[in-house]
Colleague: 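Mind having a look at this structure? Questions to follow.
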Amino acid sequence: MDKIKIIGGKPLFGKVYISGAKNTALPIICATLLSDEPSTLRNLPILSDIKSLNLLLEQIGTEISGKQEELNGHNTQSFTYHTPQPKSLVAPYDYVRKMRASYYVLGPLLTKYKHVELSLPGGCAIGARPMDIHLSSLEQMGAHIEIKNGYVIADVEERLKGANITFHSASVGATCNILMAAVLAQGTTVIENAAREPEIADLISMLCKMGAKIEGADTSTLTIHGVDKLHGVTHEIINDRIEAGSYAVAAAMTHGRLELVNANPDHLQLPLDILRKTGAKVEITPNSIIVDAQNCELVGTDIYTDYYPGFPTDLQAQFMALMCVAKGAAMVTENIWENRFMHIPELMRMGANINVHGHASAIVRGVEKLSGAPVMSTDLRASFALVLAGLVAEGETIVNRVYHLDRGYETLEEKFKAVGADIERIKESDV
Ligand code: EPZ
């Protein structure tokens with residue numbers, strides 16, 4: 001397995017181009033299954049999760065062609081997806097276990113082709129990750145669902161039917177899946193307590209271009225009037241707010257100045273407020289966010305993760321890394337996932353002072369210095385937090401299990417190197 005080696009202590013200066021959003025791309029790629037016509041998606045990030053989902057779609061029968069293109073000043077990829085007739089309606093275990101977002105084929109295949117078999121993804125490092133909302137909502141829309149041999153087997157006789165559905169949690173995944181199911185259902189579906197993340201708004205924008213009728217984008221009540229057919233479109237994916245937030249922390253922690261080109265500040269209001277509270281300067285330009293922490297003292301600031309527009313759980317680990325070297329104490333509370341503190345023991349190996357209270361809160365008391373150490377990635381965002389800690393630690397840090405980072409951060413070492421970090425990938429073949 002590849003590793004990342006970092007020698008800490010260099011402030012970062014320059015521009016980081018923010019890539020297309022992984023968590024938007026994944027449902028939107030699956031939304032292309034809703035039409036027999038081809039759709040082209042631009043600004044797709046170059047990530048292993050996109051590759052994995054493309055492999056799954058190819059085994060379903062999607063023809064995929066891609067090209068690299070320069071967009072908004074940096075290198076991106078665009079793919080055209082065309083599924084004239086699927087050859088399989090099964091999402092096998094080997095695909096789903098590698099990437100749980102494979103479950104986004106559930107809504108589109110069921111509503112369009114009346115049958116789908118999806119391996120249940122199971123839990124992962126950050127929590128149990130149930131799918132009860134996805135499944136009970138489809139049942140309310142008339143689907144017959146059976147769990148057999150680790151698979152969800154879903155059928156519907158004619159068409160899914162519109163229903164009034166209230167989610168018990170504002171789940172991003174369930175909102176995407178039920179939106180995609182409802183656009184081709186018979187009648188009107190109303191989702192109450194829908195997720196409001198920018199990823200949802202982008203999916204709605206793509207579905208409406210395809211001919212779907214959806215009201216309530218950006219609100220927690222979505223009304224979907226089912227239509228008979230959708231057509232192919234070209235759609236540009238929004239930029240990744242979590243990647244932008246992660247590099248914003250890198251600028252602050254290293255006491256440098258980074259311009260995050262193509263980042264959307266509207267999607268990051270609370271994280272940017274927290275950065276300002278820590279003492280960093282945040283400037284908004286027409287196409288970028290500039291974070292400047294030269295000559296400033298960082299002070300500990302509390303974080304409480306919540307559903308959007310609350311503070312994103314996907315930035316909790318990175319902000320915790322920052323609090324490890326900020327002055328004073330910060331309380332970090334994780335409300336979305338029951339096991340998302342796996343980075344704490346690794347940060348403590350680097351000298352962080354953190355006390356965990358129960359399983360949802362931690363007090364971080366800032367220390368003068370972290371010291372480099374070999375550490376272990378546990379999930380995508382935790383891995384970035386360890387890279388951040390390595391960037392400010394004294395000496396050498398080796399981050400193991402880099403495949404987590406490759407799932408969600410495009411060309412991470414190149415982006416960091418370009419702004420002055422001493423970072424390199426040690427390939428498994430080099431060891
Ligand atoms: C998405 O996961 C993201 N993944 C996650 O990002 C992110 O942490 C999460 O949303 C929350 O923002 C993708 O978009 C691919 P949820 P998702 O369904 O959709 C409970 C990353 O690092 N729930 O919104 O799986 C659940 O237990 C990843 O990029 C149910 O109870 O998350 C959790 O407490 C990690 N029943 C809460 O809802 C269900 O049926 C939110 O989960 C579904 C969810």
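Count residues from 1 along the sequence. We count ligands from 1, going down the list as the structure has it; atoms in each ligand are counted the same way.
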Colleague: Could you identify the single nearest non-hydrogen protein atom to atom 38 (O) of ligand 1 and state the distance to 0.1 Å?
Modeller: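 Result for atom 38 (O) of ligand 1: S169 CB, 3.7 Å.
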Colleague: Looking at R241 and D314, is any side-chain nitrogen of the basic one under 4.0 Å from a carboxylate oxygen of the acidic one?
Modeller: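 Looking at D314 and R241, the cut-off is not met.
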Colleague: Can you see whether N264 engages N239 through a side-chain donor-acceptor pair at a distance of less than 3.5 angstrom?
Modeller: no
Colleague: Side chains of H134 and N177: any donor to acceptor distance under 3.5 Å?
Modeller: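 Yes - a donor-acceptor pair under 3.5 Å links their side chains.
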Colleague: How does Y308 reach ligand 1, if at all, at less than 4.0 Å between non-hydrogen atoms: by side chain, backbone, both, or neither?
Modeller: neither
Colleague: Closest by any non-hydrogen atom to atom 43 (C) of ligand 1: pick that one out of S102, P130, G127, A174.
Modeller: P130
Colleague: Of the side chain and backbone of S171, name the one, both, or neither that has a heavy atom under 4.0 Å from an atom of ligand 1.
Modeller: both
Colleague: Within ligand 1, which atoms have a heavy atom of I336 less than 4.0 Å away?
Modeller: 33 (C), 34 (O), 41 (C)
Colleague: Heavy-atom contacts with I126 under 4.0 Å: which atoms of ligand 1 show up? List them by number with element.
Modeller: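 Those atoms are 35 (C).
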Colleague: Tell me the contacting part of R381 for ligand 1: side chain, backbone, both, or neither, using a 4.0 Å heavy-atom threshold, strictly below.
Modeller: side chain
Colleague: Using a 4.0 Å heavy-atom cut-off, which part of R340 comes near ligand 1: side chain, backbone, both, or neither?
Modeller: side chain
Colleague: Would you say the side-chain atoms of T305 pair up with the backbone N or O of N335, donor to acceptor, closer than 3.5 Å?
Modeller: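 Checked: pair present.
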Colleague: Starting from atom 3 (C) of ligand 1, which protein heavy atom do you reach first, and at what distance in Å?
Modeller: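 Here the nearest protein heavy atom works out to N23 ND2, 3.7 Å.
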Colleague: Counting heavy atoms only, name the option from F167, Y307, Y104 that's nearest to atom 37 (C) of ligand 1.
Modeller: Y307
Colleague: If you measure from each non-hydrogen atom of H168 to ligand 1, which part falls under 4.0 Å: side chain, backbone, both or neither?
Modeller: side chain
Colleague: Side chain or backbone of T313 under 4.0 Å from ligand 1, or both, or neither, by non-hydrogen atoms?
Modeller: side chain
Colleague: Looking only at distances, can you tell me whether any N or O atom of D132, backbone or side chain, sits closer than 3.5 Å to an N or O atom of ligand 1?
Modeller: yes
Colleague: Between I133 and ligand 1, is there a nitrogen or oxygen pair with a distance under 3.5 Å?
Modeller: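 By distance alone, the answer is yes.
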Colleague: Counting heavy atoms only, which of D314, L26, T305 comes nearest to atom 21 (C) of ligand 1?
Modeller: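 The nearest heavy atom belongs to D314.
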